[in-house]
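Residue numbers start from 1 in every chain, and the chains themselves are labelled A, B, ... in the order their sequence lines are given, proteins ahead of strands. Computed from heavy atoms alone, side chains included, the values below leave out hydrogens, waters and symmetry copies. Just so you know, these numbers come straight off a predicted model, no measurement behind them.
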There are 2 protein chains.
Amino acid sequence: MATGWQEIHDEALRRIQSRDWPPGALIPNEAALAREFGCARATVNRALQGLAKAGWLERRRRAGTRVTLSPQRRGQLAIPLIRHEIESKGQIFSHAIITRQTAEMPSPQRAALGLQGAPYAQHVQTLYLADARPFAFEDRWVNLAAAPDFATAPLDRISPNEWLVQNAPFAHGTLDYSAAPANTAGPHLNCQPDTPLMILERRTFGPDAPVTHVRLSYAPNFHLHLKI
Amino acid sequence: MATGWQEIHDEALRRIQSRDWPPGALIPNEAALAREFGCARATVNRALQGLAKAGWLERRRRAGTRVTLSPQRRGQLAIPLIRHEIESKGQIFSHAIITRQTAEMPSPQRAALGLQGAPYAQHVQTLYLADARPFAFEDRWVNLAAAPDFATAPLDRISPNEWLVQNAPFAHGTLDYSAAPANTAGPHLNCQPDTPLMILERRTFGPDAPVTHVRLSYAPNFHLHLKI
DNA sequence: TAGTGGTCTAGACCACGGC
DNA sequence: CCGTGGTCTAGACCACTAG
């Protein structure tokens, strides 16, 4: 049996899920619940704020707390390093640099990152392997203005993915998953050009400037798994 | 300029991202930070708990608070109703029931839901449309033992998706995205059987029993978008 | 065992926003 | 206006665990 604010959290969630507090209903205010549970109002507040953040409740000053009408569930998607993703399955991780060159960033990537002008960038194609079998093919452009040291990073020893995580901490970014034919990534992943693959396009922004644009083609049978 | 616990949260995050507090480092304890910011320890605690929950800090009693070595970013993936997903893009939502019949649940779905025996279930195939164009094709099995009223749900007026959300609140579930050829969903989505599609397999469990298994084939060009 | 974070309390003030 | 949730405080006790 839980005690403290978690107990109130769990009991409130039970009442919501059991429709004891039906969707859209106003629930008792914090002071009333504090009396009911025999605790301070702050303890109730903590419990209810958690439920509100999780989407079960909607709270407004003066108007009180209501059960969300159609709770929109949120999935927590962990974005691990590819190395960790592979090692957590008990497989051996390795990577191979296919091409690496400094060049002007092409238009599509420039546009995706919102870059003006023609910034110099480094283009790296990398194959990630699990137990020496292709896991994903990565086509990456790095804005050298935001991460100048990347030009001399020892990518034979540390993958571009991991180097950037460790050396170019970022503030925010976007992920975009879609399905597409393997096309030119096919040969690297030992599949036909028309094989459906999961594609991840990722844009990463530092505090001041865009850092990198990545297109990652996962080998066939890749699954993106979430719990809700 | 923020005030209160958010100010401390933001300042701490700035110190982490700027490597003022480098990865792995021990940061000052709560009492010291409370003195620095001129506030109560509870206020510092609230700020740091938020950063810990977001993965930036690791906190342990007696050992203190450390900056996470390789912060694993988490994406928040909202799981909207398909209707809301479409309407939020300014399109008109509609749906059409393709098939609907009560039958014994087949093995793959039974296994996915962990069901023993041969429970009766309802099998529904639904096409979801945005502006009268195919958006997704759904193949769903509903465990009638967990949601008996589904057998008589007016699915011509409310989609299976929405009916279940409103009438069979669930405790937890799993989502599984992958890429696959359209196959038999192709004709419904106006594409060739070999067109790559994003597939969502979803399992939903109520407090007591498994509720439903869904395989959703999204039309071409569907993108799953996340911010991190 | 001693230092750290986790939590609770009783009270207070404030911000918001129905009415 | 005034009831509601949001937050802060000062202090207290507890749970955990490194040393």
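For Arg60(A) against dG6(D), a side-chain-to-base donor-acceptor contact under 3.5 Å is absent. Judged by distance alone, with hydrogens and angles left aside, Arg61(B) brings no side-chain donor or acceptor close enough to the base of dA18(D) to form a pair under 3.5 Å. With hydrogens and angles left out, the side chain of Arg46(A) and the base of dG6(D) share no donor-acceptor pair within 3.5 Å. A donor N or O paired with an acceptor N or O is found under 3.5 Å between the base of dT7(D) and the side-chain atoms of Arg41(A).
For dG6(C), the OP1/OP2 oxygens have a side-chain nitrogen or oxygen of Asn45(B) closer than 4.0 Å. Between Thr43(B) and the phosphate of dT7(D), there is no side-chain N or O to OP1/OP2 separation shorter than 4.0 Å.
For the helix from dT1(C)-dA18(D) to dG18(C)-dC1(D), the end axes, each set by the C1' atoms of five terminal pairs, are bent relative to each other by 10° (nearest 10°).
Note on ring orientation: taking the six-membered ring where Trp is involved, the planes of His95(B) and Phe93(B) are parallel (angle under 30°, cut-offs 30° and 60°). The aromatic rings of Phe135(B) and Phe222(B) sit perpendicular, their planes meeting at an angle over 60°, well past the 30° parallel limit. Classified by interplanar angle (parallel below 30°, tilted 30° to 60°, perpendicular above 60°), the ring pair Phe205(A)/His172(A) is parallel.
Comparing Ala40(A) and Arg62(B), the nucleotide of DNA chain C nearest to each residue sits closer to the 5' end for Arg62(B).
Checking dT7(C), dT9(C), dG5(D) against every side-chain atom of Arg59(A), the shortest atom distance belongs to dG5(D).
Two residues are said to be in side-chain contact when any heavy atoms from C-beta on lie closer than 4.5 Å; Arg83(B) and Ser159(B) fail this criterion. For the pair Pro207(B) and Gln17(A), the minimum side-chain heavy-atom distance is 4.5 Å or more.
Taking each heavy atom of Thr212(A) and Trp141(A) in turn, the nearest pair found is OG1-O, 2.9 Å.
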